[in-house]
Protein chains: 2
Amino acid sequence: MAYESALRCLADPTRRRVFERLREGPRAVGELAAGLPVSRPAVSQHLKALKAAGLVLDRAEGARRVYFIDPEGLGELRRWLDRFWDQALDAFKHEAETHPPRRRPARGTPPPERKKP
Amino acid sequence: MAYESALRCLADPTRRRVFERLREGPRAVGELAAGLPVSRPAVSQHLKALKAAGLVLDRAEGARRVYFIDPEGLGELRRWLDRFWDQALDAFKHEAETHPPRRRPARGTPPPERKKP
DNA sequence: CACTTTCGTAAGCCATGACTTACGGTAAGC
DNA sequence: GCTTACCGTAAGTCATGGCTTACGAAAGTG
């Protein structure tokens with residue numbers, strides 16, 4: 001029940017930029033906000049959401065607060081996606097076998113026959 | 001530039017339910033809507049978004065329209081996540097080495113020493 | 001041809017949420 | 001102790017987008 005919140009978080013462009021920036025290494029809130037077109041409180045709110053989704057962790061460093069990626073939430077999302085991928089691929093193979101996709105016919109290729117049951 | 005739209009799509013709970021239902025196999029719009037608490041046009045709109053994100057494909061079957069998962073968009077999302085995972089894990093390891101996480105000390109375990117530079 | 005089924009789109013409504021400014025609280029510097 | 005730096009939260013604003021009903025098109029049914 002955590003990959004849902006992870007997806008929700010990563011869907012927002014700004015929040016994703018914050019997260020992708022964190023991929024390089026730990027960053028303080030001010031540093032993150034400096035590279036973004038939004039205010040510092042906005043970044044704080046995004047970080048709060050990311051933390052609630054298990055995507056980041058934070059550590060106090062004096063008056064500053066340093067955030068970094070938590071593999072926990074990311075891993076859960078990854079596992080969900082992997083399981084999804086396997087099932088989806090099986091379903092797609094079966095689809096391709098039973099209903100061959102309409103391809104744009106190459107030059108000189110006659111249009112495919114349609115069987116009439 | 002497609003994993004963004006995939007993330008956006010899968011963030012919505014209803015749209016995700018549609019997509020997860022499609023994981024089992026091809027389904028017509030009406031079938032999908034029957035199992036959901038929203039109207040059929042709502043499902044149509046979700047499918048439109050999913051298709052634009054490269055997450056589903058559709059095929060005409062008489063008056064009905066059958067949708068099924070397109071591995072294309074899902075694969076792109078998966079590749080993005082995998083690359084992200086690797087970098088994030090490296091960053092996390094480095095973080096754990098340089099800044100060992102504060103653990104709740106076990107019974108009898110003295111609080112960790114803080115070095116004062 | 002009339003009628004039904006199935007579906008996509010248009011238009012409008014409304015809640016969600018992303019952003020802002022304002023404020024208070026904690027730690028470092030002098 | 002006073003000031004400055006850094007940050008989280010509160011309150012309010014406003015656009016985005018998910019949902020509905022209404023309508024029209026295309027294909028099956030009689």
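Heavy-atom basis, side chains included; hydrogens, waters and symmetry copies ignored. Just so it is clear: chains get the letters A, B, ... in the order the sequence lines come, proteins before strands, and each one is counted from 1. Everything numeric here is computed off the predicted structure, so don't read it as measured data.
Counting any heavy atom pair closer than 4.0 Å across all strands shown, B:Arg15 reaches sugar-phosphate atoms only and no base atom. Contacts of B:Ala28 with the nucleic acid, taken as non-hydrogen atoms under 4.0 Å apart, involve only primed sugar atoms and P, OP1 or OP2.
The distance between atom NZ of A:Lys51 and atom C1' of D:dC7, rounded to the nearest whole Å, is 13 Å. Going from atom CZ of A:Arg65 over to atom P of D:dT9 covers 10 Å, rounded to whole Å. A straight line from NZ of A:Lys48 to C1' of C:dG17 spans 13 Å, rounded to a whole angstrom. The distance from atom CG of B:Leu32 to atom C1' of C:dC7 is 12 Å, rounded to the nearest whole Å. We find that CZ of A:Arg27 is positioned 16 Å from P of D:dC6, with the value rounded to whole Å. If you take CG of B:Leu47 and C1' of C:dT6, they are 13 Å apart, rounded to a whole angstrom. Atom CZ of B:Phe19 is separated from atom P of D:dG18 by 16 Å (rounded to the nearest Å). A straight line from CZ of B:Arg59 to P of D:dA27 spans 16 Å, rounded to a whole angstrom.
Residue A:Ser39 has its side chain nearest to C:dT21 when only D:dT20, D:dG8, C:dT21 are considered. Nearest to the side chain of B:Gln45, among D:dC6, C:dA11, C:dC19, sits C:dA11. When distances run from any side-chain atom of B:Pro41 to the nucleotides C:dA27, C:dT6, D:dT20, the shortest one goes to D:dT20.
A donor-acceptor contact shorter than 3.5 Å is absent between the side chain of B:Arg15 and the backbone of B:Leu10. No donor-acceptor distance shorter than 3.5 angstrom exists from the side chain of A:Arg23 to the backbone of B:Gln87, with no hydrogens or angles considered.
Here the CZ atom belonging to A:Arg78 is positioned 13.5 Å from the CZ atom belonging to A:Arg83, to the nearest 0.5 angstrom. The distance from the CD1 atom of B:Ile69 to the CG atom of B:Leu55 is 8.0 Å, given to the nearest 0.5 Å.
Annotation: of the two residues near DNA chain C, A:Thr14 and B:Arg64, the 5′-most nearest-nucleotide partner is B:Arg64. Between A:Asp12 and B:Tyr67, it is B:Tyr67 whose nearest contact on DNA chain C lies nearer the 5' terminus.
At the phosphate of D:dG17, neither OP1 nor OP2 sits under 4.0 Å from any side-chain N or O atom of B:His46.
Side-chain atoms of A:Arg40 come within donor-acceptor range of the base of D:dG8, with a qualifying N/O pair under 3.5 Å.
When side chains are defined from C-beta on, A:Pro26 does not count as touching B:His99, because their heavy atoms never get closer than 4.5 Å.
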